[in-house]
Protein chains: 2
Amino acid sequence: MARAGLTADRLTQAAAELADEVGFENVTVSALARHFGVKDASLYSHIRNAQDLRVRLAVLALAELADQVAEAIAGRSGKGALVAFANAYRAYAREHPGRYTATQMALDPDTAATSAAGKHAEMTRAILRGYDLWEPDQTDAVRLLHSTFHGYVSLERAGAFHSHPRGVEASWTRALDALDSVLRAWPD
Amino acid sequence: MARAGLTADRLTQAAAELADEVGFENVTVSALARHFGVKDASLYSHIRNAQDLRVRLAVLALAELADQVAEAIAGRSGKGALVAFANAYRAYAREHPGRYTATQMALDPDTAATSAAGKHAEMTRAILRGYDLWEPDQTDAVRLLHSTFHGYVSLERAGAFHSHPRGVEASWTRALDALDSVLRAWPD
DNA sequence: AGGCTTACCTAGAGGTCCTAGGCAAATTAT
DNA sequence: ATAATTTGCCTAGGACCTCTAGGTAAGCCT
């Protein structure tokens, strides 16, 4: 009997692909076991439980997203960096719907700190170097940007914008313009 | 044997309370049946399936949220309306976490149109009457506002803001200030 | 009272999560 | 190369959730 050669990492990777195919909520221990031609119980040597699997998936997705965004903003500053960040963020959510949903999991503070969750804020801060913002305005701005990006992507995915014919792309561009001008003229 | 007197509406109402107590993802047909002291199978005369129950819950929550927001902005305009809208929206999400999660379900276009999902955009438009915005800028602004509100609330709930000591309230106020100034000076 | 509708039931199949305990394959030690 | 150890995967089985089919009885109508 040849072994499948499972590891927590391979399981997490497969879970990520599965998430994008069938949706995050359908990432199940059973489905994953089926994918590897193995019994459900066999996975529990590698992951603690279903929740643990989902957390690992979330951490993976956060790291991937952070990488994509980091690559996008490299060498840019000011509005260029802002737009690059936003587009990379949105593109990741579009291309990896299941993974993106995973990034929205509530992680306990420990896991969040260890993972790339904090890297987000750090990179958003990098963008803000092109604007004239200092603490605590910087934190406020980070939160505003992150909220807007996530909110837009999230609503777009939920189909909240289908009701109106106005192009979703055009509204997105306008939102970025608006954020840029907010940052340039941050209210004192 | 006295009957429990179940109807789809009573089930939906109980599901909403259950959602706020134990989380939307734990709203299960079984749990609901237990709550009424009834067998699981009995609920299937009132709801088609578990998904149907969740959709009804989502529709209920959307209607409640729309009502709360409508009440909040009544008699206000301009920034007052903007702030009232935003605070009512956020308050609903805080007080009814399970219901709020339900509002994020992807509804099929038919259901969404029938439900109060469209009422949102309509009310957001009402806010914009205090600013000098016309189509298609109005739609862009509606999307931006909705995105920011939802994004902020969503990230706040996910604990994304715990990493930094800066008060979440202060950042929220600043975000509203920023949105107000964006609307007043919408880029042309 | 008889008949109709329907609220709720039992029975049961199938799926997911997870634990306990066992065997055998891969790895390490001798 | 063989023995000892580790560990990857197994079977068995319990608990919970979803949902269907078909039955009984409670409440409504005439």
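Since the model is a prediction, treat every value here as computed from it, not as a measurement. Reminder, nothing fancy here: chain letters follow the sequence lines and each chain counts from 1.
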Report task. Answer with yes or no whether the side chains of Thr173(B) and Glu169(B) bring together a donor and an acceptor at under 3.5 Å. Result -> no

Residues 40-87 of chain A vs ring-ring contact (aromatic ring centres under 6.0 Å, His included), sequence neighbours excluded, gives Phe85(A)-Phe149(A)

Whole-Å distance, Leu11(B) CG to dT6(C) P, equals 16 Å

**Q.** Ring centroid separation Tyr92(A) to His96(A) under 6.0 Å
**A.** yes

Checklist line | dT6(C) OP1/OP2 closer than 4.0 Å to side-chain N/O of His46(B) | finding: no

Taking the six-membered ring where the residue is Trp, are the ring centres of Tyr152(B) and Tyr89(B) under 6.0 Å apart? no

Exercise. With respect to the phosphate group of dA7(C), does any side-chain polar atom (N or O) of Ser45(B) fall under 4.0 Å of OP1 or OP2?
Worked result: no

Here the distance between atom P of dT16(C) and atom CG of Leu43(A), to the nearest Å, is 12 Å

On a heavy-atom basis, the closest approach of Ile73(A) and Ala81(A) is CG2-O, 3.6 Å

inquiry  = I'd like to know if Lys79(B) and Asp177(B) make a salt bridge, using a cut-off of under 4.0 Å between side-chain N and carboxylate O.
reply    = yes

Asn26(A) atom CG is separated from dG15(C) atom P, nearest whole Å, by 15 Å

Of all heavy-atom pairs linking Ala15(B) and Val27(B), the shortest is O-CG2, 3.9 Å

Would you please indicate if the ring centroids of Trp186(B) and Tyr131(B) are separated by under 6.0 Å? no

In numerical order, the residues of residues 12-25 of chain A whose heavy atoms come under 4.0 Å of DNA chain C are none

5' to 3', nucleotides 16-23 of chain D under a 4.0 Å protein heavy-atom cut-off (B base, S sugar-phosphate only, - none) gives -SBBB---

